[in-house]
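Below: one structure, written as structure tokens.
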Number of protein chains: 2
Amino acid sequence: MSKQDTKQHLLDIGTDLLIRDGFFHTGINEVLVHADVPKGSFYYYFKSKEDFGLQVLVNFANNNRAFLQNHLDDLHLRPLARLRAYFSASIERLTAQHFTQGCLIGNMTQEMADQSETFRTALQDMMNDWAGQIAGALREAQVSGEISPEAEVDDLANFCLNSWQGAILRMKVAKTSEPLEAFVRLFFEVILH
Amino acid sequence: MSKQDTKQHLLDIGTDLLIRDGFFHTGINEVLVHADVPKGSFYYYFKSKEDFGLQVLVNFANNNRAFLQNHLDDLHLRPLARLRAYFSASIERLTAQHFTQGCLIGNMTQEMADQSETFRTALQDMMNDWAGQIAGALREAQVSGEISPEAEVDDLANFCLNSWQGAILRMKVAKTSEPLEAFVRLFFEVILH
């Protein structure tokens with residue numbers, strides 16, 4: 001593997017382990033065994049376990065951002081339908097994982113926000129960025145006349161993200177897609193009306 | 001201390017530790033040191049760490065249920081105002097904790113739903129019970145004409161609980177009450193309208 005491939009391989013393995021078991025519960029040795037990479041190699045790419053966790057998180061957030069942007073760029077659909085397609089596609093992913101794991105950003109917030117100021121500020125930036133992307137989509141829907149010109153777009157976008165995270169939490173305990181589907185129904189058919 | 005006092009003392013200490021550090025991260029020895037109780041005494045009341053965690057959770061859920069019921073029983077207010085008063089009082093509690101800790105039911109769901117079927121089913125029952133209490137309040141609001149007779153009360157109650165949990169998650173990262181206030185505003189002034 002090239003250096004870039006090895007690093008990405010470690011980030012991918014780290015994503016799987018952190019999203020399943022959390023940060024404290026995942027040991028570097030476990031990452032090395034799963035990745036089949038020697039310890040020295042790990043420390044070539046990452047300064048510490050914290051640095052590794054942060055880079056895994058950034059990698060996850062970048063993928064999530066690209067996944068959402070990909071849907072928002074689909075000009076065949078009207079603005080609200082683009083955003084709704086993103087949530088539908090996310091529900092498909094979560095269903096394929098049998099309603100386990102959830103969202104690494106939400107999981108790490110729960111676990112790390114009170115434990116590490118470094119993680120908290122990184123997670124806050126990621127949540128703000130994510131809500132900003134949603135706000136952009138809602139602003140386009142406003143321009144196209146799909147939602148009221150008086151709608152408070154930033155408030156709605158933050159509420160949308162937070163309620164989505166809450167729906168994922170309930171999904172983890174209910175092990176069905178119902179909380180996710182109910183979120184989409186209520187957000188798009190009641191709140192935005 | 002009487003036996004009942006000692007057990008309750010252990011549950012109270014356990015609540016503080018589990019809500020702050022999570023289940024895996026809290027050791028029985030740490031509980032014993034904080035509670036100033038010998039190990040044998042712990043195992044007199046609890047079969048295992050899992051049994052302890054579950055009893056801490058049940059104790060928390062019972063307190064939360066009573067706290068909500070207390071507000072719903074306040075006949076000086078109209079039904080929706082009773083429910084809203086519960087969320088306002090909860091925001092005061094979370095503010096007093098400087099937006100740390102959050103809700104033990106939400107925290108344990110995040111940490112344990114995929115790790116222990118025993119915890120998952122207990123948490124699912126607690127969430128269902130909580131949503132059922134909210135649904136009862138919304139049904140009273142429906143009878144009193146505060147919300148539409150066509151409103152899907154069970155859907156709204158589940159959405160309310162899930163979005164509240166999501167708002168608490170965002171609060172943990174933002175360290176302000178804004179996500180909580182925004183939830184109350186949007187739920188009571190937009191969704192229920």
Side-chain angles (χ1 to χ4, degrees), chain A residues 19-22 24-25 97-103 105-115 119-128 131 151-152 154-156 158-175 178-180 182-183 185-187 190-193, chain B residues 19-22 24-25 97-103 105-115 119-128 131 151-152 154-156 158-175 178-180 182-183 185-187 190-193:
Chain A
I19 205 169
R20 198 187 69 191
D21 299 331
F24 286 121
H25 219 221
Q97 293 158 2
H98 308 287
F99 315 114
T100 60
Q101 303 179 10
C103 165
I105 295 173
N107 295 4
M108 293 284 268
T109 294
Q110 189 68 269
E111 186 183 7
M112 300 303 291
D114 290 345
Q115 307 286 343
F119 275 98
R120 189 190 69 74
T121 53
L123 287 159
Q124 186 175 22
D125 289 347
M126 286 167 194
M127 291 262 201
N128 289 345
E152 303 269 15
D154 292 318
D155 273 12
L156 285 170
N158 280 305
F159 182 83
C160 174
L161 171 57
N162 301 349
S163 295
W164 172 245
Q165 288 290 341
I168 291 176
L169 191 75
R170 187 70 178 274
M171 167 210 87
K172 288 180 86 165
V173 91
K175 297 296 177 216
E178 175 49 26
L180 308 172
F183 157 78
R185 230 163 36 231
L186 271 152
F187 188 72
V190 178
I191 300 170
L192 294 184
H193 253 66
Chain B
I19 206 170
R20 199 188 66 192
D21 299 331
F24 286 121
H25 219 221
Q97 293 158 2
H98 308 286
F99 315 114
T100 61
Q101 302 178 12
C103 165
I105 295 174
N107 295 4
M108 292 285 267
T109 294
Q110 189 68 268
E111 186 182 6
M112 300 304 291
D114 290 345
Q115 307 286 342
F119 275 98
R120 188 190 70 75
T121 54
L123 288 160
Q124 186 174 23
D125 289 348
M126 286 167 194
M127 292 261 201
N128 288 344
E152 302 269 15
D154 292 317
D155 272 13
L156 284 171
N158 280 306
F159 182 81
C160 173
L161 172 58
N162 302 348
S163 295
W164 172 245
Q165 288 290 342
I168 291 176
L169 190 76
R170 187 71 179 275
M171 167 209 86
K172 289 179 86 165
V173 91
K175 298 295 178 216
E178 174 50 26
L180 308 172
F183 157 79
R185 230 162 38 231
L186 271 153
F187 188 72
V190 177
I191 300 170
L192 295 184
H193 254 66

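A quick note: this is a predicted structure, and the numbers were derived from the prediction, not measured.
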As an exercise, state the distance from CD1 of A:I191 to OG of B:S163, rounded to the nearest 0.5 Å. 7.0 Å
Heavy-atom donor-acceptor pair, A:Q110 side chain to B:M108 backbone, under 3.5 Å: no
The criterion is side chain to side chain donor-acceptor pair (under 3.5 Å); which residues satisfy it with A:E111, sequence neighbours excluded? none
Where on A:L186 is there a heavy atom nearer than 4.5 Å to chain B: the side chain, the backbone, both, or neither? side chain
Between CD of B:Q115 and CG of A:D21, what distance do you get to the nearest 0.5 Å? 5.5 Å
Examine whether an atom of A:A131 lies under 4.5 Å from a heavy atom of chain B, and if so say whether it belongs to the side chain, the backbone or both; otherwise answer neither. side chain
Minimal heavy-atom distance between B:V173 and A:Q124, with the atoms involved, is CG2-N, 3.5 Å
Ring geometry between A:F159 and B:F159 (parallel below 30°, tilted from 30 to 60°, perpendicular above 60°): tilted
Can you list everything that forms a ring pair (Phe, Tyr, Trp, His ring centres under 6.0 Å) with A:F183? Sequence neighbours excluded, please. A:F87, A:W164, A:F187
With only heavy atoms counted, which part of A:R185 is less than 4.5 Å from chain B, the side chain, the backbone, both or neither? side chain
Give me the one residue out of B:Q97, B:K175, B:H98 that meets side-chain hydrogen bond (donor to acceptor under 3.5 Å, both in side chains) with A:D114. B:K175
To the nearest 0.5 Å, atom CD of A:Q165 lies from atom CD1 of B:I168 at 13.5 Å
Taking all heavy atoms of B:N162 and all of A:P179, pick out the closest pair and write down the distance. ND2-CB, 3.8 Å
Using a 4.5 angstrom heavy-atom cutoff, name the option from A:L156, A:L169, A:V190 with the most pairs to chain B. A:L169
Hey, what do you get for OG1 (B:T109) to CE (A:M171), rounding to the nearest 0.5 Å? 11.0 Å
